[in-house]
2 protein chains.
Amino acid sequence: MAHGYAATSIDTVADALGATKGRVYYYYRSKTDLFFDIHRQAMTMNLSVMRPLATSARPPRDRLVSMARTHAMLVMDHLPTQRVLNQGVELHLSGRTTAPQRDVLAELMAMRSQFERLYVDVLAEGVASGDFRALDPRLGAKSVLGALNWMTVWYSPRPDESAETRDRIADELATFVLHAVRAAP
Amino acid sequence: MAHGYAATSIDTVADALGATKGRVYYYYRSKTDLFFDIHRQAMTMNLSVMRPLATSARPPRDRLVSMARTHAMLVMDHLPTQRVLNQGVELHLSGRTTAPQRDVLAELMAMRSQFERLYVDVLAEGVASGDFRALDPRLGAKSVLGALNWMTVWYSPRPDESAETRDRIADELATFVLHAVRAAP
DNA sequence: GTCTATAGGCCGATAGAC
DNA sequence: GTCTATCGGCCTATAGAC
C-alpha cells in the first residue's frame with residue numbers, strides 16, 4: 001500500500017506485522033496471492049458501499065451525487081486500500097502474471113467492471129431521462145472515475161484535518177462531477 | 001513505460017535497445033538517473049505544448065477547452081511517456097530515494113507543479129471573470145487533471161483506430177471538463 | 001563505446017526445528 | 001503456528017577486455 005507491489009518485499013510486510021516471512025507464507029502461498037486477497041477485500045467493500053446508492057429509486061442526479069460524494073469519502077477514509085485498487089490495474093496492464101494467477105486476476109477485473117458499470121448505468125439512465133446531457137456513458141464514467149480515483153495520487157490527510165475539511169472536499173468533487181454531466185438548466 | 005519502474009530491469013531496457021547492460025550504464029550512472037531523465041524529457045514536452053495554450057490572450061473558457069483537448073491528445077499520442085509521468089508521483093510518494101537523488105526529484109516535482117498551475121491559473125481567472133462557477137481552483141485543477149490523466153489507465157489504442165475516434169475522445173473529455181467548471185448559462 | 005563476466009545484495013519461496 | 005536458516009535466482013552496478 002505504501003510503496004507499491006513490486007517495490008514491497010515480504011520481509012517488509014512481515015516487519016509491519018512484527019513477524020517474519022514464515023508467518024506470511026503460512027497463510028499465503030505467494031506474494032501475488034496476498035496481493036489478490038487484499039485487492040478482493042477492497043473491491044468487495046467498495047461494491048457493498050456503492051451498489052445501494054447506485055441502484056436506489058432516486059433520480060439519476062441524486063444518485064450520481066451521492067455516489068461521487070461517498071466515493072470521495074471512501075478514498076479519504078481508506079486511502080491505502082484505494083491505492084492498492086489502483087495498483088491492480090498496473091499489474092493487469094503489465095501482463096506479468098503466470099497462467100494460474102490469470103484466473104484470479106480475471107475475477108478481480110470483473111469486479112472492477114461491475115464497479116465501473118454502476119456509474120455507466122446511472123449516467124445512461126440520466127441521459128435517457130434528460131437529466132444529463134447527451135454523452136457517451138462509458139466515456140463519462142471513465143472521466144468521473146478519473147476525477148475521483150486521482151485523489152489517491154494527491155490526497156494526503158493532514159494531522160490536524162477536520163471532518164469539515166473532508167466534507168468540503170467530497171462536496172466539491174461531487175459538484176464537479178454533477179456539473180460535468182448534467183443537462184444545461 | 002510498459003511494466004513500471006520497479007518491475008523493469010536494466011536488462012529489459014538493454015534488450016529493447018538490442019544491447020546489453022554495459023551500454024546503458026555507460027550513459028547513465030544508475031537506474032534512477034535514467035528514470036529521472038525520461039521523466040524530465042516528458043515533462044519538458046508537456047510544458048512546451050501546454051504553456052502557450054494556457055497563457056494565450058483568449059478567454060478562460062477557450063483556453064481551458066484547448067488545454068484539455070490537447071492534453072487528451074498528448075496522452076493518446078504519447079501514452080508510454082505519459083504513463084512514466086504518472087509513475088513519477090508514485091516514486092515520490094514512496095519516499096524510496098537516496099539523498100543525492102532527492103534534489104533531482106525536487107526539480108521534477110517543481111515541473112509537475114508548474115504544469116498543474118497552468119490549470120489552476122486558468123480556473124482562477126475564469127472564476128474571477130464569472131466565466132466559471134465559484135470553485136476552489138486548486139481542487140478544480142486536481143479534478144481536471146484526474147479526468148485527463150486517468151486516461152493513461154484505461155486508454156489503449158486499437159490497431160484500426162482512426163484519427164476521428166481520437167478526436168471524438170478528446171472532444172468528449174474537453175466537453176466534460178468545461179461543463180464541470182463553467183458558470184450556469 | 002560496447003561487450004562479457006562477475007561481484008554483492010536482496011528477494012521469493014521452502015525446509016525443518018520447536 | 002511461528003520461527004530460523006537457507007536455496008536459487010534475479011537485479012543493480014562495476015571491472016576490465018576489446
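Note on naming: letters A, B, ... go to the chains in the order of the sequence lines (proteins, then strands), and numbering restarts at 1 for each one.
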Taking the side chain of B:Thr20 as heavy atoms from C-beta outward, which of C:dG1, C:dT4, D:dT2 is closest to it?
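Closest nucleotide among those given: C:dT4.
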
The side chain of B:Tyr27 is closest to which nucleotide in this list: C:dG12, C:dT2, D:dT2?
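Taking heavy atoms from C-beta onward, the closest nucleotide is C:dT2.
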
For each nucleotide in nucleotides 13-18 of chain D, reading 5' to 3', give B when a protein heavy atom comes within less than 4.0 Å of its base, S when such contact involves only the sugar-phosphate, and - otherwise.
BB----

Using modelled atom types only, decide if a donor and an acceptor are shared between the side chain of B:Arg112 and the backbone of B:Leu85 within a distance under 3.5 Å.
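Checked: pair present.
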
Closer than 3.5 angstrom, by distance alone: can the side chain of B:Thr8 be matched with the main-chain N or O of B:Gly4 as a donor-acceptor pair?
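Indeed, once roles are kept as given, a pair shorter than 3.5 Å links the two residues.
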
For B:Phe115 and B:His71, I'd like to know if the aromatic rings sit close, meaning centre-to-centre distance below 6.0 Å.
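For B:Phe115 and B:His71, the ring centres are under 6.0 Å apart.
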
Could you check how far [atom1] of [X] sits from [atom2] of [N], rounded to whole Å?
| X | N | atom1 | atom2 | value |
| --- | --- | --- | --- | --- |
| A:Asp11 | C:dA13 | CG | P | 12 Å |
| B:Arg23 | C:dT2 | CZ | C1' | 7 Å |
| A:Tyr5 | C:dC11 | OH | P | 14 Å |
| B:His3 | D:dC10 | NE2 | P | 16 Å |

Does the pair A:Arg138/A:Glu116 count as a salt bridge with the N-to-O cut at 4.0 Å?
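Here A:Arg138 does not pair with A:Glu116 in a salt bridge, since their nearest N and O are not under 4.0 Å apart.
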
side-chain contact (heavy atoms from CB on, under 4.5 Å) between A:Met73 and A:Arg69: does it pass, once the steps are laid out?
CA-CA 6 Å; A:Met73 279 297 188; A:Arg69 208 186 177 292; 3.8 Å; yes

Evaluate B:Arg40 against B:Met43 for side-chain contact (heavy atoms from CB on, under 4.5 Å), listing each step before the verdict.
CA-CA 5 Å; B:Arg40 185 189 288 107; B:Met43 193 49 93; 6.0 Å; no

